[in-house]
Amino acid sequence: CLKSIIDQDFSKKDYEVIVIDNKSTDGSIEIIKKFKKIKLIRSKENFGFSKGNNIGIKHSKGDYVALINNDVTIDKHWLKEILKVIKQRKDVGVVGCKIKYPDNKIWFAGGKMYFPGFARHIKLDKEKEVDYVSFAAVLIKKEIGEYLDETLFMYGEDSEFCKRVLMKGLKVVYTPKPLSYHHINEERISENEEYFIQRNRSYYYTKFYNIYGKFAYLIGDLILFFNIFAVYRIIKNPRRILFTKEIFKARLDSIPLMLK
């Protein structure tokens, strides 16, 4: 990840690299220290994806902030190409890119949000305004003054952030030319991933509802929405049935989170 960022076809004096270490225990610090001119900020605890990125945003000096996951590599022209898009239009607040698996299969090429809070990766072949983009590799205009919602430890933070940007009257744009690669197993599943995806959905979708709207949604979620979403994800990968306990816990934990 760091090598692909440092090797950008872009003037090195025109961008800074900030690494937030969320109290890693896997030897990451030793690897990071091998790279020169990188600002390393070490957290005292694992604050999660949202707060970790917010720390980096607050320490950044530029007009734009690129958020890039540690399991993502970017093409050498990524920064130059994605900056072109955000600079060409004053009404754009966020720009996302095409993200592939290492074997060149598409992982993300635009995001669509469906009622009642189902976020779906779509496959666009041209630049287009979208509901959300993946924050695995994204460029944000800093002047919009928004930060990731730290209630969302991980998952759903990109959809929620983009919704706030759209509510400001700005655009969220997907563009296919800046290319990045997400170095994950296509078939991967995990307890944490399933728990937070299931827990966060109703919160970020109803965050701006009034209390009556939230209660109405909660009734629908208890009766139908949550069950459909859980079954849909299990159908997509039957091994998720192993996480029934996490899914049930997410169901319970999502209620006070949504009504807060």
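- Side-chain atoms of Ile122 and Arg120, non-hydrogen and from C-beta on, do get closer than 4.5 Å to each other.
- Following chains of ILVMFWY side-chain contacts shorter than 4.5 Å, one cannot reach Leu257 starting from Phe208, and the two form parts of different hydrophobic clusters.
- In plain terms, the two heavy atoms of Tyr204 and Gly117 that are nearest each other are OH-O, 3.5 Å.
- Only one option out of Glu194, Glu187, Glu191 pairs with Arg240 in a salt bridge (Lys or Arg N to Asp or Glu O under 4.0 Å); it is Glu194.
- Linking ILVMFWY side-chain heavy atoms closer than 4.5 Å, directly or via other members, places Ile82 and Trp107 in two distinct hydrophobic clusters.
- Crowding of Lys163 atom NZ: a count of heavy atoms from other residues, nucleotides or ligands under 6.0 Å exceeding 12.
- Side chains of Phe229 and Asp221 form no contact here, defined as non-hydrogen atoms less than 4.5 Å apart.
- Note on ring orientation: taking the six-membered ring where Trp is involved, the planes of Tyr205 and Tyr209 are perpendicular (angle over 60°, cut-offs 30° and 60°).
- The same ILVMFWY cluster, assembled from side-chain heavy atoms under 4.5 Å apart, contains both Ile99 and Leu67.
- Residues Ile20 and Asn53 fail the side-chain proximity criterion, which asks for heavy atoms closer than 4.5 Å.
- Under the rule for a ring-ring contact (aromatic ring centres under 6.0 Å, His included), Tyr147 has no partner lying at least two apart in sequence or in another chain.
- Within the 4.5 Å cutoff, the side chain of Tyr203 has heavy atoms near those of the Lys260 side chain.
- Summarising the geometry, atom CZ belonging to Arg164 is positioned 4.5 Å from atom NZ belonging to Lys207; distances are rounded to the nearest 0.5 Å.
- Heavy-atom minimum distance, Gly62 versus Glu16: N-OE2, 4.0 Å.
- The residues Arg89 and Glu127 are annotated as not salt-bridged, no charged nitrogen and carboxylate oxygen being separated by less than 4.0 angstrom.
- Closest approach of Met113 and Ser159 over heavy atoms only: CE-CB, 3.5 Å.
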Point to revise | Intermediate values then yes/no, ring-ring contact (aromatic ring centres under 6.0 Å, His included), Tyr155 and Phe49 | key: CA-CA 8 Å; Tyr155 295 110; Phe49 184 87; 8.4 Å; no

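- For Lys128, there are no salt bridge (Lys or Arg N to Asp or Glu O under 4.0 Å) partners at least two apart in sequence or on another chain.
- The same ILVMFWY cluster, assembled from side-chain heavy atoms under 4.5 Å apart, contains both Tyr64 and Val19.
- One side chain, Asp26 or Ser28, offers a donor N or O that lies under 3.5 Å from an acceptor on the other.
- Ring to ring, Phe243 and Tyr195 are not that close: their centroids are 6.0 angstrom or more apart.
- Under the 4.5 Å side-chain heavy-atom criterion for Ile, Leu, Val, Met, Phe, Trp and Tyr, Ile106 and Ile184 are members of distinct hydrophobic clusters.
- Atom OH of Tyr217 sits about 7.5 Å away from atom CE of Met258, to the nearest 0.5 Å.
- Aromatic rings from Tyr132 and Phe161 are positioned such that their centres are separated by 6.0 Å or more.
- Atoms CG and CD, on Asp9 and Glu81 in that order, are 9.5 Å from each other to the nearest 0.5 Å.
- Smallest separation of non-hydrogen atoms from Asp125 and Pro176: O-CG, 4.1 Å.
- Atom CZ of Phe248 has 12 or fewer neighbouring heavy atoms from other residues, nucleotides or ligands inside a 6.0 Å radius.
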